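Data first, discussion second: the structure below is written as structure tokens.
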4 protein chains.
Amino acid sequence: MARTADPNRRESILDAAHSIFARKGYAAAGIADVAGELGIAHGTVYRYFENKRDVAAAVLNRALERIAAVVMAEDATATESLAEYRAQVERLGHRLYELFVADRALGRLVFYDLGAVDDELRERLRAAHEMFAEYTASYLRNGVAKGFLRPDLDVDTTARVINGMIFEGAAQVTHTDDPQRLRDRWIRAVVALMFDGIAR
Amino acid sequence: MARTADPNRRESILDAAHSIFARKGYAAAGIADVAGELGIAHGTVYRYFENKRDVAAAVLNRALERIAAVVMAEDATATESLAEYRAQVERLGHRLYELFVADRALGRLVFYDLGAVDDELRERLRAAHEMFAEYTASYLRNGVAKGFLRPDLDVDTTARVINGMIFEGAAQVTHTDDPQRLRDRWIRAVVALMFDGIAR
Amino acid sequence: MARTADPNRRESILDAAHSIFARKGYAAAGIADVAGELGIAHGTVYRYFENKRDVAAAVLNRALERIAAVVMAEDATATESLAEYRAQVERLGHRLYELFVADRALGRLVFYDLGAVDDELRERLRAAHEMFAEYTASYLRNGVAKGFLRPDLDVDTTARVINGMIFEGAAQVTHTDDPQRLRDRWIRAVVALMFDGIAR
Amino acid sequence: MARTADPNRRESILDAAHSIFARKGYAAAGIADVAGELGIAHGTVYRYFENKRDVAAAVLNRALERIAAVVMAEDATATESLAEYRAQVERLGHRLYELFVADRALGRLVFYDLGAVDDELRERLRAAHEMFAEYTASYLRNGVAKGFLRPDLDVDTTARVINGMIFEGAAQVTHTDDPQRLRDRWIRAVVALMFDGIAR
DNA sequence: CATGAATGAGTCTTCATTCAT
DNA sequence: AATGAATGAAGACTCATTCAT
């Protein structure tokens, strides 16, 4: 049944679905809308995907992979000092927001809609969070090992806390009028909080 | 008067809907499920609510009000020193997590499902975020004014960043096996990050 | 069950139903609307009527009786000459239109809505038509017997044809802005057609 | 192309709806009945019509068009004498009754049920009446101009009065056992009334 | 491979009717 | 007698999915 034919078409269906789901929400979006966006028959979608949920799963996977690609571009063990780590966090922040600014629907998909589709997709999302947390933790662990971060840091929890700050920023991008400005202020605030604290 | 109108009926429907929506998701849940949970006819639900969306809106409102009640219990201008503020943040954190621990579905409802129902509900959710941000900002502003927080703090952005840490924790509660432990570690990590920084 | 209690209330329910049915149509009108019009509980309607259809039947009956009362006020055998008959037709026409002008909803009820409720009501309406036809026929028969109408008149059919002219006028009243003027022109046209013909 | 779209499908749905609406009445008839009559799924009906009301509107339109086609087949200005006009009225009457005799449900649909569906359909029906009245008036106007009808004729009102006679006959066809005989007697009675009068 | 007509399970929603108070 | 809360049958409508062409 599925999994045949032109791989470009499969990809273009995902593009359309990504856009439609983000615009109308998964529940309100119909397979016919997705097909209509491409000017193909809705039956055709079923040559590339088992069903609607399968489309959503693929959209989510692709979105998570794109985010993961950015996150994993850096080497967690490469930094040797606080200054280097700070620079790395800034770099990573910029790349990540690039993604969410370029595709402002991404946040809605990843943070709202596709998590509401299904227990399995929700679980997939949770697993991705877990993976991102583990990634952030590995940076912190490197810093503790190298001695430039506090030895008593609760690495696992702090990693999730940091990710929370980042994800919230990504979610905010969906709403804001001036995403560039938000990005800069957000990264600066996060970095300042992490490295300088809020206290005078 | 006829069979006296149970004044708790409306409330009990919201309870049931809260639970069903959290369990199956808004889209998958049916009015029949909600009514079935209470052992009443589904038509009865329509004596108390216009339609399914209206039920969702009421569930969301109630949930947001509960959260707001906790957040607004503290007085933003009462703190005079960094230590007092730190204590206040810890207090607030505990109360907030109490809520999410007591009702582990709350996070799912507020962070996923009910935001996907509707543009209007999504907007309502956004407005609530905004309000919470403003609230956190008022704490920070107080600290800057009183001189115990950095004068160059980007108050508005930092407020949202801090809220991101908090909300992420609330979302995590939905998944964890040991919510008490998560709560304690989370609050400690957030407070440490805010007040001590991560640097050695 | 029904058929108890205050007869004024029964009548007032019929008044309300008459008005509501005419305004919204039988199908779109609810028992709750009827009760609401009177400021009583909808359950109360069921103390006076078996069900909604029963209300419609009573409304129709009353309406037909009112029309019948006007029609039967004249004595079919009283006229002795063409001139007398012509005067009688004019008189009857005026009285009949009085009714439809006073209650412009009457036409809609009798000609559209209540005939569409039910096979039985439709039959009742048909029977009323039959009766009116028989009545008109008795006038014609009198005229033929007395010698002032054509002896070769197809009395039964012509009676129905004449009634058709009259009913169409009643139906028109529902739509017109100036019912008085319509009434006068209509009666004049009908009488002219019957007694003078259209030919030069 | 897929299972080729039957171009008669839409038409056959209208046929079925025409028949079902006439048999059970619009309100009592369900889309499922219509689909059942054709042995198709009820969802299929919604591929051809927006909703139930839309089906009714199409049924009504088609019915009115059929009637209009007959009415408009004659040329109002073609007659030069009373005899010609009389022949024309007879011809038109026959053709019109042909329609109502062939489809005895037509009268019920056009005179009762479909007028009760909706304000818009009622208005459409009224507009059709108006058009028919204008048509009849144009015949009369021609006769007055040519000098074979009374110069003092109230053309507009008389046209409606004449139509009333015709429509009543069409409505009667629905009930009668012997429609052929009714038709002949009706036309004869109408023509006699118009051209000979009832007076001796 | 693509199409899109057809399907029908699944839901929401209405509202006449009942009946405990 | 009156009330109006509760009921649940009934029906309109949607849309993911299938499959003959």
Side-chain angles (χ1 to χ4, degrees), chain A residues 1-2 4-6 9 27-36 38-55, chain B residues 1-7 9-10 27-35 38-55, chain C residues 1-2 4-6 9 27-36 38-55, chain D residues 1-7 9-10 27-35 38-55:
Chain A
M1 243 161 254
T4 350
D6 189 347
R9 171 143 297 185
I31 287 293
D33 294 317
V34 174
L38 295 170
I40 63 175
H42 51 276
T44 306
V45 174
Y46 288 88
R47 309 217 131 266
Y48 296 87
F49 299 92
E50 290 292 334
N51 51 37
K52 187 182 173 187
R53 203 214 74 107
D54 191 27
V55 177
Chain B
M1 220 175 280
R3 216 179 305 168
T4 314
D6 185 348
R9 185 47 69 90
R10 193 188 147 91
I31 287 293
D33 296 318
V34 173
L38 294 171
I40 63 175
H42 55 276
T44 303
V45 174
Y46 288 90
R47 289 189 53 72
Y48 294 87
F49 299 93
E50 288 289 325
N51 49 40
K52 188 182 170 186
R53 203 215 76 108
D54 191 28
V55 177
Chain C
M1 242 161 254
T4 348
D6 190 348
R9 172 143 296 185
I31 286 293
D33 295 317
V34 174
L38 294 171
I40 63 175
H42 51 277
T44 304
V45 174
Y46 287 88
R47 308 217 131 264
Y48 296 86
F49 299 93
E50 290 291 335
N51 50 38
K52 187 182 173 187
R53 203 213 73 108
D54 191 27
V55 177
Chain D
M1 220 175 281
R3 215 180 306 168
T4 315
D6 185 348
R9 185 46 69 92
R10 192 187 147 92
I31 286 293
D33 296 318
V34 174
L38 295 171
I40 63 175
H42 56 274
T44 304
V45 174
Y46 288 91
R47 290 189 52 73
Y48 294 87
F49 298 93
E50 287 290 325
N51 50 39
K52 187 182 170 185
R53 202 214 76 108
D54 192 27
V55 177

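Note that the structure is a prediction, hence the values are computed from the model and not measured. A, B, ... follow the sequence lines: proteins, then strands. Residue 1 opens every chain.
We find that CD1 of Ile31(A) is positioned 14 Å from C1' of dT18(F), with the value rounded to whole Å. One interatomic measurement links the two molecules: CG of Leu38(C) to P of dA2(F), which rounds to 12 Å at whole-angstrom precision. For the pair Lys52(B) NZ and dT14(F) P, the interatomic distance rounds to 16 Å; values are reported in whole Å. Distance Phe49(B) CZ to dC12(E) C1': 16 Å, rounded to the nearest Å.
Across every non-hydrogen atom of Val45(B) and Ala35(B), the tightest pair is CG2-CB, 4.1 Å. Considering all non-hydrogen atoms of both residues, Tyr46(A) and Asn51(A) come closest at CE2-CA, 3.8 Å. The two atoms that bring Arg10(B) and Tyr48(B) nearest to each other are NH1-O, 3.1 Å, heavy atoms only.
Distance CZ/Arg9(C) to CZ/Arg47(C): 11.5 Å, rounded to 0.5 Å. In this structure, His42(C) NE2 and Ile31(C) CD1 are separated by 9.5 Å, a value rounded to the nearest 0.5 Å.
Between Arg9(C) and dA2(F), a side-chain N or O to OP1/OP2 separation shorter than 4.0 Å is present. Considering only side-chain N and O atoms, Tyr46(C) lies nowhere under 4.0 angstrom from the phosphate OP1 or OP2 of dA1(F). For the OP1/OP2 pair of dA16(F) and a distance below 4.0 Å, the side-chain nitrogens and oxygens of Arg53(A) include no atom meeting the criterion.
Both Glu50(D) and Asn51(A) lie close to DNA chain F; mapped to their nearest nucleotides by heavy-atom distance, the more 5′-ward contact belongs to Glu50(D).
When heavy atoms are screened at a 4.0 angstrom cut-off, Ala29(B) is found touching the sugar-phosphate backbone but no base atom.
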| task | Kindly express the pairing pattern of DNA chain F in dot-bracket notation, using | wherever a base pairs with another strand and counting only Watson-Crick or G-U pairs under 3.5 Å. | result | .||||||||||||||||||||
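Closest to the side chain of Tyr48(A), out of dA16(E), dA2(E), dA6(F), is dA2(E). In the set dA1(F), dA2(E), dA12(F), the nucleotide with an atom closest to the side chain of Arg47(C) is dA1(F).
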For nucleotides 8-10 of chain F, give me every protein contact, N/O to N/O, under 3.5 Å, one pair per line with atom names.
residue: dA9(F); atom: N6; partner: His42(B); partner atom: NE2; Å: 3.1

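Taking Arg53(C) as the reference, Asp118(C) meet the side-chain hydrogen bond (donor to acceptor under 3.5 Å, both in side chains) condition, with sequence neighbours excluded.
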